[in-house]
**Student:** 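Below you'll find the structure I mean.
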Protein chains: 2
Amino acid sequence: MWINNKFPFLLYCNCEVEYSGRACSILENGNYLILYKNDKSLVIHGGDKITPRNYQGKNSNLLVEGDYLISTNKSETIKIKVIHVLNYFRLANWSNNDTIMTKTEKELVNKIYENWYCYVGVKCEEVYKEYMTEHGPVDLLGINNNKYHIIEVKRRKCNLKDATQLRKYLECFENKLGYLAGPDISEKALKYLDKHGCKFISVDF
Amino acid sequence: MWINNKFPFLLYCNCEVEYSGRACSILENGNYLILYKNDKSLVIHGGDKITPRNYQGKNSNLLVEGDYLISTNKSETIKIKVIHVLNYFRLANWSNNDTIMTKTEKELVNKIYENWYCYVGVKCEEVYKEYMTEHGPVDLLGINNNKYHIIEVKRRKCNLKDATQLRKYLECFENKLGYLAGPDISEKALKYLDKHGCKFISVDF
DNA sequence: ATATGTATCTCGCTC
DNA sequence: GAGCGAGGTACATAT
């Protein structure tokens, strides 16, 4: 057989792919790159784009039936008809290290937290990070004289969706003022904030 | 040199990766799989997970400087220090075909559109798909006796975010009734709908 | 080019 | 396991 049960492996081949599960899809005949990883996740990459043509999450099962590779995971199935193998080898000692990120949302949250008055313009007796509400945790909450200052922080340009997310949190308080904080904001989002008496805070790295 | 300027190619190697751009990241030394595709996109895959450890969008530039691979795209830079090449070859005739999907949100929208009374329970003189409002297009809008029936459709289980999205659209109308439609709904989302006088419509493939 | 919304989102975290 | 939010989201589409 052209495949053994050793993994992780890489298979570059001419094939066709059928998927059925949450959705359904067909990938017509062509040359694609198939990876079966350490965590038993499966990805099928085409000649362009970053995202795979098809995939299966970790702990998927893979078995060979004649010329077919059959991948199953819960109620999702991928059927690969392998017509011609172009390249096949084990990816020995493939590393599972993760990328360590900086410039995260947490950094921006801390920046506002450490320089509260500078960004919010109101001195608060109490300031909380990740304050839990009925609708989930708010990034920042400051309390001044029984008035609640609620801040939703984004590390990228804020959009309309972010503004509505803020509003969701505002519903949890009575005497309140809402803020959306980030490096930039879209016009629609700014208008929405204005309309609902909320403010935008410009904060960057 | 261990690399020529032919692409698309595949490189399995021991390396370290540094990224700087919208964010910053470091990937410590290990064995990773690097793909440079037809569209000049770059992906660096680790031994687990579906998503790449690092990537560059289409039309990125790639050049070799000694032992370093330098990828640039607009203001984003990836620097790969290649310590040892484990495998390297061209991916000749790599196909750019896309997966053809079925069971999409559009199908569900059409299903409700075609069987309006069956799902909504109200006969409407006018029914529109993708009806444009100040806050963007609503999936479905039905008008009956000057009352507006607004439906937000999801192909998967509906959540709280979906319910708040619906509410955003409702702000654009006066005499209105809101609906969230999908195969299933989370408890919190259902409670939220209830609280705001909206309904859930169960629709499936 | 910018803006907006979807995704078999994926992934991590919390309950 | 379900639910919720972040993401250098990526990607398609409309403007």
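Letters A, B, ... are given to chains in the order of the sequence lines, protein chains preceding strands, and every chain is numbered from 1.
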**Student:** Expressed as a whole number of angstroms, how long is the span from B:M101:CE to C:dC9:C1'?
**Tutor:** 11 Å
**Student:** Do you know the tightest heavy-atom contact between B:L180 and B:L166?
**Tutor:** N-CD2, 4.1 Å
**Student:** Would one find a side-chain N or O of B:K168 under 4.0 angstrom from OP1 or OP2 of C:dG5?
**Tutor:**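 Answer is yes, contact under 4.0 Å.
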**Student:** Could you state the atom-to-atom distance from CG of B:L108 to P of C:dT6 in whole Å?
**Tutor:**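 About 13 Å, once rounded to whole Å.
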**Student:** So which nucleotide from D:dA10, C:dG12, D:dA6 ends up closest to the side chain of B:Y55?
**Tutor:**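 My answer, after comparing the listed nucleotides, is D:dA10.
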**Student:** What is the distance, rounded to the nearest whole Å, between atom NZ of B:K103 and atom P of C:dC9?
**Tutor:**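 Result: 13 Å.
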**Student:** How would you list, by chain and number, every residue that makes a side-chain hydrogen bond (donor to acceptor under 3.5 Å, both in side chains) with B:E107, sequence neighbours excluded?
**Tutor:**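 Listed in chain order: nothing, the list is empty.
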**Student:** Output yes when at least one side-chain N/O atom of B:K157 is less than 4.0 Å from OP1 or OP2 of D:dG3, else no.
**Tutor:** yes
**Student:** Would you mind reading off the distance between B:Y131 atom OH and C:dG5 atom C1', rounded to a whole angstrom?
**Tutor:** 20 Å
**Student:** Which of the following nucleotides, D:dC11, D:dC4, C:dG12, is nearest to the side chain of B:K49?
**Tutor:** C:dG12
**Student:** May I ask you to verify if any side-chain N or O of B:S186 is less than 4.0 angstrom from the OP1 or OP2 atom of D:dG3?
**Tutor:**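 No, outside the criterion.
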**Student:** Just by modelled atom types, is the A:K103 backbone N or O under 3.5 Å from a matching donor or acceptor in the A:R155 side chain?
**Tutor:**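 Yes, A:R155 side chain to A:K103 backbone: donor-acceptor pair under 3.5 Å.
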**Student:** In terms of the nearest nucleotide of DNA chain D, which residue is placed more toward the 5' end: A:K106 or B:M132?
**Tutor:**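 Looking at the nearest nucleotide for each, A:K106 comes out on the 5' side.
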**Student:** Is B:Q165 touching bases, backbone alone, or none of the nucleic acid, heavy atoms closer than 4.0 Å?
**Tutor:** sugar-phosphate
**Student:** Rounded to whole angstrom units, what separation is found between the CG atom of A:D48 and the P atom of D:dC11?
**Tutor:**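 So the CG-P distance, A:D48 to D:dC11, works out to 9 Å.
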**Student:** Classify the angle between the aromatic ring planes of A:Y12 and B:W94 as parallel (below 30°), tilted (30 to 60°) or perpendicular (above 60°).
**Tutor:** perpendicular
**Student:** Identify the two heavy atoms, one from A:S71 and one from A:Q56, that lie closest to each other, and give their separation to 0.1 Å.
**Tutor:**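 Closest pair (atom of A:S71, atom of A:Q56, distance): OG-NE2, 3.2 Å.
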**Student:** Under 4.0 angstrom, heavy atoms only, what part of the nucleic acid is B:E152 near: base, sugar-phosphate, or nothing?
**Tutor:**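 Answer is sugar-phosphate: B:E152 comes under 4.0 Å of backbone atoms only.
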**Student:** Choosing from C:dC9, C:dT6, D:dG5, which nucleotide comes nearest the side chain of B:R156?
**Tutor:**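 In terms of side-chain proximity for B:R156, the closest of C:dC9, C:dT6, D:dG5 is C:dC9.
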**Student:** At 4.0 Å (heavy atoms only), tell me whether B:K154 reaches a base, stays on the sugar-phosphate, or touches nothing.
**Tutor:** sugar-phosphate
**Student:** State whether B:F7 and B:K37 meet the cation-pi test: NZ (Lys) or CZ (Arg) under 6.0 Å from the six-membered ring centroid, and within 45° of the perpendicular axis.
**Tutor:** no
**Student:** Starting at CZ of B:R53 and ending at C1' of C:dT10, how long is that distance when rounded to a whole Å?
**Tutor:**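 Rounding to the nearest Å, CZ of B:R53 and C1' of C:dT10 are 13 Å apart.
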**Student:** By nearest heavy atom, map A:E105 and B:D98 onto DNA chain D; which one lands nearer the 5' end?
**Tutor:**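 Mapping each residue to its closest nucleotide by heavy atoms, the 5'-most match is A:E105.
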**Student:** Rounded to whole Å, please give me the gap between CD1 in B:I185 and C1' in D:dG3.
**Tutor:**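 Atom CD1 in B:I185 sits about 13 Å away from atom C1' in D:dG3.
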**Student:** Take the protein atom NZ of A:K58 and the nucleotide atom C1' of C:dC11, then report the distance between them rounded to whole Å.
**Tutor:** 8 Å
**Student:** Output yes when at least one side-chain N/O atom of B:R22 is less than 4.0 Å from OP1 or OP2 of D:dA10, else no.
**Tutor:** yes
**Student:** Compare side-chain N and O positions of B:T51 against OP1 and OP2 of C:dT10 and report whether any pair is under 4.0 Å apart.
**Tutor:**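 For C:dT10, OP1/OP2 do not have a side-chain N/O of B:T51 under 4.0 Å.
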**Student:** Of all the nucleotides listed (D:dA12, D:dG5, C:dT6), which has the minimum atom distance to the side chain of A:Y169?
**Tutor:**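 Shortest atom-to-atom distance from the side chain points to D:dG5.
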